[in-house]
Amino acid sequence: MSVARFWRKQPQRYNLTGTCCETCGAVFFPPRSFCPECRRDGRIVDHDFAGTGTVVTFTVIRTASEAFEHLTPYVLAIVELDEGPRLTSQIVCSPDEAYIGMPVKKVFRKLGSDGEAGPLYYGTKFVPAR
Amino acid sequence: MRKVAVIGVGCTPFGEKWETSFRNLFVDAGARALEDAGISGEQIDELFVGNMSAGRFVEQEHIGALIADYAGLATTHIPSTRVEAACASGGLAFRQAVTAVASGNADIVVAAGVEKMTDVGTGVTVDTLAGAADREWEGFAGATFPGLYAMIARDYMHRFGLTREQLAMVAVKNHKNGAKNPIAQFQKEISLETVLTSSLVADPLRLFDCSPITDGAAAVIVAPLERAREFTDTPIAVLASAQASDTIALHDRRDISTLDATVAAAARAFSIAGLDRRDIDMVEVHDCFTIAEICAIEDLGFCKKGEAGRLTEEGYTAIDGTLPVNPSGGLKACGHPVGATGVKQVYEIVTQLRGEAKGRQVDGEIGMTHNVGGTGATVVCNILGVV
Ligand SMILES: [Zn+2]
């Protein structure tokens, strides 16, 4: 991961800020700067998501790339936000705890690092909502 | 558009080739294809090479020129182009070559694929392959490539009742076919038990659900169908070559367990060829993971969603079944040098249709290939037939 590249998306990663097309009302996370529906007529503005959703599907990552190796095993899921969009995120829970349909909510956590001494990356993960 | 035929094919043995360099892998495959077609290098008009990530695997870019050069073609100054679509890079190279001939732009065109994956450690390989998905919104969240397919498997098993054993049967079948393939990385049968007790990589996928890390290269030569008999007695016609795309991220798909790009590419291919599913005698599908073969059989239209597990269990897709799937051993047993795979699939179908597949020979006159990039963001489908 390059530092500049990660920081560029910091508001989105920290606060789950996506985008909304004012023309048709569609909301996007991960954020899009171009509405696939309205195309050139779309007017894109920032949109904050509530941060609550449901697990659509999940896995337990046991072999990871170097940046995430220290976290294994970890639960990775596709979460459907209550507003509709889906995203890929880690779920902070034990591997046995996760299930399809599990309600989750966002939390702010360390995501990874570039080696022992390298910079740390923070962002949104999810935890079981109850 | 002109009709196109394959006039020569070549493939290196697949595996961990510590002793062979990136460029020598390609030269080996290219030389085999030229010899097979009975032509010399100077007769080649153009070259397309599929390669996913030589930049990260061997720190080499500018692959098009490099390969033309080491194939001895520098002095002919032919156009040589690298194409990339992750694991579908080889499929793209083949389609570009077919298009170049069909359009009348060139007569003798080489489509090659090459990948040298074992010069770097596993961590780098895992990270490089993760680049086939969405780096910003999948990779940065900790997604690995097996992890994404594992999420497809979880969704699919939950909705359609596919059993863990049925999934394992895909690997057992492909290893059985690979055991009869002299270029396969694993020429050894495995038991259901071996798959089910192998280590977990990303639940529910285990080590033996995953295709291996592989070095290898493949090359095929295409020409106008009307000229094909100048070079070979057994030309194989390209009846269709179709490509489709979809969202880069799995989470943005209409349906987690359906590769809509496969559905679209297959629909186009069957329409171009004017054929039906029942006309296909054999198919090489992109089984980068066992679940991928299950989805492919359905998304290509050979059965309804949710049926492929049962069909696999019943032997429908076995080499002596109604529709042999992956007679080469697939990516699972033959190996998966990512950029080469799409070309190797064409190599296998051509070998089969010529009746040269020996111990793994399938009877038939029409075969199909299915090559996937990422988790389904790019798909290439080709239909080939005996002339
Ligand atoms: Zn819109």
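Every chain is numbered from 1 and lettered A, B, ... according to where its sequence line falls, protein lines coming before strand lines. Because the structure is a prediction, the values reported are computed rather than measured.
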Measure from the side-chain N and O atoms of [X] to the backbone N and O of [Y], and report whether any donor-acceptor pair falls under 3.5 Å.
X	Y	result
A:Q90	B:A141	yes
A:T57	B:M151	yes
B:H251	A:I78	no

In short, B:F140 meets A:F68 closest at the heavy-atom pair O-CZ, 3.3 Å
Heavy-atom nearest pair, A:E66 first then B:V124, reads OE2-N, 4.2 Å
Inspect the surroundings of [atom1] in [X] and state if more than 12 heavy atoms from other residues, nucleotides or ligands are less than 6.0 Å away.
X	atom1	result
B:E61	CD	yes
A:R43	CZ	no
B:K305	NZ	yes

Test side-chain contact (heavy atoms from CB on, under 4.5 Å), reference A:I100, set B:R154, B:R159, B:M157, output is B:R154
The interface call for B:A143 against chain A, heavy-atom contacts under 4.5 Å, is both
If one checks every heavy atom of B:D155 against chain A at 4.5 Å, the contacting part turns out to be both
Looking only at B:G147, B:G142, B:G123, B:P146, the option with the highest number of non-hydrogen pairs under 4.5 Å against chain A is B:G142
In terms of heavy-atom pairs under 4.5 Å with chain A, the winner among B:L148, B:D127, B:L205 is B:D127
Practice task
Please lay out, stage by stage, how B:I256 and A:V56 fare under the test side chain to side chain contact (heavy atoms under 4.5 Å, CB included).
Solution key: CA-CA 9 Å; B:I256 301 289; A:V56 175; 4.3 Å; yes
Checklist line | Beyond-backbone contact of B:F145 with A:S65, side-chain heavy atoms, under 4.5 angstrom | finding: no
Next on the checklist: Are the side chains of A:T88 and B:L250 in contact, using a 4.5 Å heavy-atom criterion?
Outcome noted: no
Among A:T59, A:T63, A:I61, the residue with the most heavy-atom pairs under 4.5 Å to chain B is A:T59
The interface call for A:R109 against chain B, heavy-atom contacts under 4.5 Å, is neither
